[in-house]
Every structure is written in structure tokens, then in C-alpha cells.
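In what follows, a structure is listed as C-alpha cells, so that the remarks can point back to it.
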Amino acid sequence: MDTELRSNFLRTQIQSDLDQGLVDRVVTRFPPEPNGFLHIGHAKSITVNFGLAQQYGGRCNLRFDDTNPEKESQTFIDAIEEDVRWLGYEWQGETRYASSYFGQLFDWAVFLIDTGRAYVCDLSADEARTYRGTLTEPGKNSPYRDRTVAENRTLFEAMRAGEYEDGERVLRAKIDMSSPNINLRDPTLYRIRRVTHHQTGDDWVIYPTYDFAHGQEDAIEGISHSICTLEFEDHKPLYDWFIECLPVPSRPRQYEFARLNVNYTVTSKRKLKLLVDSGAVAGWDDPRMPTIAGMRRRGYSPEALRHFCEEVGTSRSDGVVDVGMLESAVRNDLNVHAPRAMAVLNPLALELTNLAATEILSVANHPADETMGRREVTLSRNIWIDREDFRQEANKKFKRLVVGKRVRLRGGYVIEAERCDVDVHGEVTKVYATVVPQTLGEDPDDGVKAKGVIHWVDQSNAVEAEIRSYDRLFAVSDPSSAEDFDQVINQNSLTTSTAFLEASLAYAVPEARYQFEREGYFIADRYDHSSEQPVFNKVIGLRDTWVTND
RNA sequence: UGGGGCGUCGCCAAGCGGCAAGGCAGCGGGUUUUGAUCCCGCCAUUCGGAGGUUCGAAUCCUCCCGCCCCAGCCA
């Protein structure tokens with residue numbers, strides 16, 4: 001699956017910067033906060049940042065933006081690193097942490113104080129909000145705004161030394177309380193938080209805010225293009241203000257793109273956490289979750305995800321991508337890479353009354369790729385077929401087995417149904433059929449061709465397996481607009497059943513993907529599958545254009 | 001009613017003054033031992049709207065309309 005690189009504003013910008021000699025090397029970074037698992041929106045950001053670096057021969061860093069220890073943890077750091085690698089990317093050098101720059105950031109805060117550009121403010125959070133004004137009214141200066149440099153230094157050192165309670169004081173930039181851009185109304189640079197940090201332990205009781213940290217982190221790492229999402233555009237003047245006021249080692253530039261939205265799913269860490277905490281799903285990596293770990297367990301491949309992100313494009317206009325586009329990318333990849341096998345999910349017994357002895361058939365593992373080889377499949381007198389593939393009578397549109405009619409057993413013979421057993425409820429319990437001789441690889445001599453092809457599994461060595469079929473987690477296209485998740489969650493998003501697999505599938509390893517012919521794509525569960533107790537997750541069904549009107 | 005963005009086919013999205021790419025979905029037809037795949041064809045005289053500049057505008061200018069973001073000591 002070749003992915004054409006299409007033009008977008010970021011590539012145009014970078015190409016221009018390179019051509020004009022504004023930058024000599026592209027350096028990007030993927031900067032997640034370790035407060036949850038990565039989701040499809042992050043996958044987009046990852047492909048954008050690592051992809052750009054790759055395309056232009058540059059580098060991309062992985063940096064944890066860990067400036068708010070309250071919600072962060074090592075667990076998330078580990079999961080995120082694994083996700084990035086699994087997606088197929090390797091970052092430059094060691095993993096970076098905003099927290100490893102805390103010392104430098106503190107010194108720069110002092111520099112701002114010394115140059116009269118920052119002050120310690122004693123206003124409470126509520127008071128500060130009042131002073132900030134509103135969208136249409138300017139704010140008022142804090143009564144602490146004109147403290148002397150000396151006083152500010154003393155107070156800020158005392159904040160660091162832990163002499164004040166959480167929230168008692170903050171360090172703020174002195175910019176413009178009447179700016180129409182609220183981010184410039186003396187934003188907070190440091191706040192007091194007596195929280196043990198997952199990286200720095202109890203070294204600090206004050207932590208820098210995102211605004212004061214991010215640009216400087218970029219400058220320290222020599223980031224040339226700091227790419228983020230649209231909602232940070234209003235922060236750019238502040239980002240630039242710090243870069244210009246501080247003796248930073250480089251001059252990074254921020255660029256913003258529209259975040260990825262996909263219908264029938266949510267891409268908000270807060271909402272995903274809600275799903276996990278409420279027990280609506282089994283965890284962050286539940287196959288129904290739009291997290292990278294969830295999609296991995298579901299059976300989506302890194303290639304499919306990368307291709308999807310490229311196909312969707314990167315622009316500055318908000319939009320909602322149809323989940324069908326993601327599914328298309330998944331099917332596309334699986335169609336090419338997944339070996340075929342047979343499994344019967346809804347078994348109905350069928351006896352081949354004229355089959356004398358068990359035969360061994362050679363079946364191709366892929367209809368269009370002979371390099372995937374062939375496998376041997378046994379055919380015995382008793383086999384399983386799918387209940388949906390048999391009818392006592394049907395119209396001409398039905399291309400499966402009907403009493404008195406013929407179908408071909410995939411990879412095997414054409415058979416003809418003679419009769420069937422029916423129980424007291426009218427349900428078919430067993431089908432009897434005969435093998436039409438001389439039909440291995442050729443049509444019947446009598447000219448009566450098979451109506452279609454059905455899959456089957458030999459009863460004599462069938463492997464029993466648990467099948468977990470997934471449907472979309474939400475019943476509505478825009479679940480994020482709902483006030484209450486309970487209203488929009490699809491209560492039947494998981495269905496478990498037992499299936500019979502062809503014998504060769506007993507050797508499937510965890511995370512191996514197959515197409516169970518005519519059923520869909522399946523993956524051996526990463527955690528629960530074993531040869532003794534096979535467990536397969538349904539990745540996605542085959543495209544189905546069959547109109548059920550017969 | 002302040003500031004910042006965005007509006008090109010049902011959904012994404014190229015295009016950057018020279019006469020509307022591509023993908024997804026959809027619709028026809030062909031091939032097929034998967035109702036899959038594959039193949040062929042169709043699918044915006046028109047770019048939120050109205051004016052204007054120009055030989056020529058989706059691309060430039062003006063006004064209007066619609067949608068998104070910002071008032072965390074979150075990121």
C-alpha cells in the first residue's frame with residue numbers, strides 16, 4: 001500500500017524555510033502529556049511530526065510535557081513509548097522530559113523578574129479571574145504588579161523553598177491586562193503544587209505552566225517547527241514573547257493544524273478516561289477504544305493507521321472524518337497482508353454421504369499472492385458450514401446451498417444438497433449432501449455449475465475458539481456532543497461466540513491477523529489467545545454489497 | 001458586542017491569477033473457487049453569498065453570512 005505524500009500547508013512551509021535557508025535542518029517533536037493513553041488524534045500528530053522529519057531528513061524528539069504532576073504517571077509514559085514504537089517511529093536520542101528542564105526554566109523565570117517582566121502575585125485564583133476581565137472588557141492590573149525586583153526575587157525564592165501554601169501565590173508575566181488576547185493578560189508562569197512528581201520526586205513544590213514551559217523546551221531542543229493544534233494559536237503571541245524576552249539558544253516557530261475528529265468516536269482524553277473509569281469498556285486498550293493500544297488489540301495495523309492519517313490530510317479547517325475512511329484503510333491493508341483461512345462462526349453440520357475417505361486438499365493462502373504459499377486442509381465426511389449458507393428453498397439470487405442445488409466448497413469440490421433434518425421448531429439441524437465427482441479445480445461434467453462458493457471446516461480436526469465481535473462503541477455519529485454517555489453508548493458493541501476453525505489455525509500466534517474467508521478479518525488476541533484456548537477478535541468485516549432482498 | 005481561525009462534491013482534501021487533483025462513500029458494467037479483491041466507467045460549468053479589480057478570479061480587494069477556539073494557578 002503506497003502512500004502518496006500530498007501537498008499541505010506544513011510541507012509547503014517547511015520546503016520554503018529550507019529553500020530560503022531559514023532553517024538548515026528540520027527538527028520536530030511529539031510532546032504528549034503522560035496523563036492517559038494516546039488516541040487516534042495523537043496518531044495523527046505522531047505521523048505529522050515524525051513524518052515531516054522523515055520526509056525532510058530531519059529529526060523528531062519524543063518529549064513528555066510533564067509540567068502538571070497531579071494527573072500524570074509512569075504507567076502512561078511506558079504506554080506512550082510503546083505506542084509510538086508500535087506505530088513505526090523511533091525518536092532521536094533519549095526520551096525528553098519537560099521536567100528535566102525545570103532548573104533552566106526556574107533560572108529563566110528569575111531572568112524575567114530581573115528584567116522587570118515577571119512578578120509574584122498574591123491574588124487568589126478567584127480574584128485573579130475577576131481581575132482578568134472578560135472577552136469584551138479589559139482586565140485590571142493586580143495590586144501586586146508593581147513590586148520591586150528585589151521583592152519579587154525574595155518572594156519567588158520563598159515560593160520555591162516551600163514557604164507558602166498551594167495556591168497562595170503565583171509568578172506571573174507582566175504583559176498587558178487590557179490585551180484583547182486574554183493569554184497576554186499577565187499569564188501565570190509558576191504555581192505552587194505540593195505533589196510528588198513521577199520524574200523529579202519532591203525536588204519541586206512549584207511547577208511551570210504549559211505556556212511558560214513549552215516554547216522554552218522547544219528552544220532548548222533546537223526544534224525548528226513546533227507543531228500543535230489550532231486551539232493553541234491564541235497562545236502563539238505569548239510563545240513568541242517568551243522566546244524574545246529570554247536568552248534562549250534557538251528560535252523555534254509554532255504552526256497549528258486542525259485536530260482530527262472521527263465520527264462515531266470520541267477523541268478526548270477526559271472522555272476516554274470516563275469510559276474506562278465507568279467500566280463501559282475493559283480498559284484503555286479495550287478493542288473498542290479509539291486509543292492506539294485499543295486499535296492495536298482490535299487488529300488495526302500501524303501501516304493502516306499511518307495510511308489513514310496521510311489520506312485524511314493535514315489542514316487548518318475543522319472537520320469530521322467519516323470512520324468509514326479509517327475502516328477502508330484497515331481493509332485495504334488487511335486485504336493485501338492477511339493470509340486467508342476458514343472458520344465457521346455459526347455452525348451447521350453437513351454430511352457428505354458419498355465421501356469414502358478423508359482427503360487432503362491444498363489451498364492457497366492468498367488468492368492474489370502466491371508468495372504466501374499454500375496449506376493442507378483435510379476434508380472428511382462430516383464438516384461444518386455456516387447456518388446462513390443453507391436454505392431449504394430460495395430464489396435465484398441466493399448464491400449458496402439449497403436442497404437440490406449445488407455450491408462449491410472453497411478449495412474443494414462442488415457438492416449438491418439432498419435433504420436435511422429439521423427439529424420440532426422447524427430449525428435445520430443437519431444437512432446431507434453428495435460430492436459431485438471430478439470437480440476439484442473444474443466445473444461439473446454435466447454442465448450444471450455451482451451457484452456459489454461457501455467456506456467450511458472439517459469436523460474431525462476443527463479447533464474450537466472464542467470469537468469476540470465488535471461493533472462501534474457509540475450509536476450516534478457525534479457522541480461528544482451528548483451530555484450523558486449512557487444515552488449514546490451502543491449496548492451491543494461486544495458479542496462473544498464460539499466458532500470452529502480449520503486445524504491450521506491452532507498454530508496462530510498472538511496478534512497474527514487472518515481473513516476468515518467470507519467472514520471478515522480476525523486477529524489472535526494479544527493477551528488472551530493461546531493454542532490451547534484460541535481467542536480471536538474480529539477486526540472488521542468484509543465489504544458487503546449484497547442486498548438482502550431474496 | 002473583544003481577539004484569533006476556518007468556509008472547494010455527501011465526508012476528508014489539493015489548488016496560491018490562466019480556465020476545479022486525489023481518497024472515502026455512492027452509482028453503473030466486467031472478471032472471480034471469498035456476494036471480497038481486482039478492473040473499467042460515472043459522480044463540482046463550479047469553489048459560503050454579493051459586489052469589484054482583471055483579457056482572465058476558487059485564487060486579489062470590499063462588504064455580508066455561517067461555523068470553530070479563547071475569560072485554568074489544564075495541556
Side-chain angles (χ1 to χ4, degrees), chain A residues 4 6-8 12 31-33 35 65 67-68 70-71 121 123-125 128-129 132-139 166-172 179-185 187-193 207 209-211 213-214 228-237 256 258 260 263 269-270 307-308 310-329 331-332 335-336 340 342 363-364 366-368 397-400 407-414 439-443 450 452-455 515-520 541-548:
Chain A
E4 293 284 322
R6 284 180 292 100
S7 169
N8 66 45
T12 302
E33 184 189 9
N35 64 348
D65 222 344
T67 56
N68 184 10
E70 279 173 312
K71 303 176 297 181
C121 181
L123 252 26
S124 69
R129 188 179 318 121
R132 191 154 35 234
T134 69
L135 293 178
T136 54
E137 302 158 25
D166 286 14
E168 202 176 325
R169 289 182 218 271
V170 296
L171 181 72
R172 302 174 69 176
S179 171
N181 181 342
I182 291 180
N183 294 299
L184 262 21
R185 317 238 267 228
T188 298
L189 272 39
Y190 267 93
R191 67 287 213 194
I192 303 170
R193 283 274 184 291
Y207 292 98
T209 56
Y210 164 85
D211 282 318
H214 205 89
C228 59
T229 41
L230 250 26
E231 66 270 27
F232 290 101
E233 186 156 32
D234 287 344
H235 294 245
K236 187 152 58 179
E256 315 83 19
L260 171 65
N263 61 15
K269 265 191 221 171
R270 192 183 68 77
H307 186 254
F308 166 70
E310 179 57 32
E311 280 303 307
V312 154
T314 306
S315 76
R316 288 174 58 84
S317 48
D318 297 301
V320 182
V321 174
D322 194 311
V323 69
M325 212 156 155
L326 208 209
E327 296 174 340
S328 167
R331 282 198 187 94
N332 247 308
N335 176 50
V336 174
R340 315 284 119 127
M342 291 195 282
V363 182
H366 192 108
K397 283 184 176 175
F398 191 71
K399 296 171 64 176
R400 312 177 190 186
V407 282
R408 178 180 291 283
L409 292 180
R410 173 104 249 229
Y413 297 94
V414 170
T439 53
L440 214 49
E442 48 192 285
D443 287 332
V453 181
I454 65 172
H455 57 102
Q515 182 196 106
F516 290 171
E517 295 204 62
R518 301 210 311 131
E519 289 290 358
L542 258 26
R543 184 160 168 271
D544 187 6
T545 54
W546 184 46
V547 282
T548 59

Please confirm whether the shortest side-chain N or O distance from [X] to OP1 or OP2 of [N] is below 4.0 Å.
{"X": "A:Arg191", "N": "B:rA75", "answer": "yes"}
{"X": "A:Arg518", "N": "B:rG35", "answer": "yes"}
{"X": "A:Arg410", "N": "B:rU33", "answer": "no"}
{"X": "A:Arg543", "N": "B:rU37", "answer": "yes"}
{"X": "A:Arg331", "N": "B:rC38", "answer": "no"}
{"X": "A:Ser315", "N": "B:rA13", "answer": "yes"}

Return yes if the base of [N] and the side-chain atoms of [X] contain a donor-acceptor N/O pair under 3.5 Å, otherwise no.
{"X": "A:Arg408", "N": "B:rU33", "answer": "yes"}
{"X": "A:Arg400", "N": "B:rG35", "answer": "yes"}
{"X": "A:Asp234", "N": "B:rG3", "answer": "yes"}
{"X": "A:His235", "N": "B:rA75", "answer": "yes"}

Could you check which of [options] has an atom nearest any side-chain atom of [X]?
{"X": "A:Trp546", "options": "B:rC73, B:rG35, B:rU37", "result": "B:rG35"}
{"X": "A:Thr545", "options": "B:rG3, B:rA36, B:rG2", "result": "B:rA36"}
{"X": "A:Asn8", "options": "B:rA71, B:rA14, B:rG23", "result": "B:rA14"}
{"X": "A:Glu311", "options": "B:rU33, B:rG35, B:rG23", "result": "B:rG23"}
{"X": "A:Arg129", "options": "B:rA36, B:rA71, B:rC73", "result": "B:rA71"}
{"X": "A:Glu233", "options": "B:rC24, B:rG5, B:rG35", "result": "B:rG5"}
{"X": "A:Leu542", "options": "B:rA36, B:rC73, B:rC70", "result": "B:rA36"}
{"X": "A:Asn332", "options": "B:rA14, B:rA75, B:rC24", "result": "B:rC24"}

Using Watson-Crick or G-U wobble geometry with both distances under 3.5 Å, which nucleotide pairs with [N]?
{"N": "B:rG7", "result": "B:rC65"}
{"N": "B:rG2", "result": "B:rC70"}
{"N": "B:rA36", "result": "none"}

Exercise for review: Start with the C-alpha gap between A:Glu33 and A:Lys269, add the side-chain angles, then the distance that decides, and say whether salt bridge (Lys or Arg N to Asp or Glu O under 4.0 Å) holds.
Suggested key: CA-CA 11 Å; A:Glu33 184 189 9; A:Lys269 265 191 221 171; 5.2 Å; no
How far, in whole Å, is [M] from [N] if one measures between their [atom1] atoms?
{"N": "B:rU33", "M": "B:rU46", "atom1": "P", "answer": "46 Å"}
{"N": "B:rG56", "M": "B:rC39", "atom1": "C1'", "answer": "40 Å"}
{"N": "B:rA57", "M": "B:rC43", "atom1": "C1'", "answer": "25 Å"}

Exercise for review: Select from A:Glu137 and A:Arg169 the residue whose nearest nucleotide in RNA chain B is closer to the 5' end of that strand.
Suggested key: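 This one resolves to A:Glu137.
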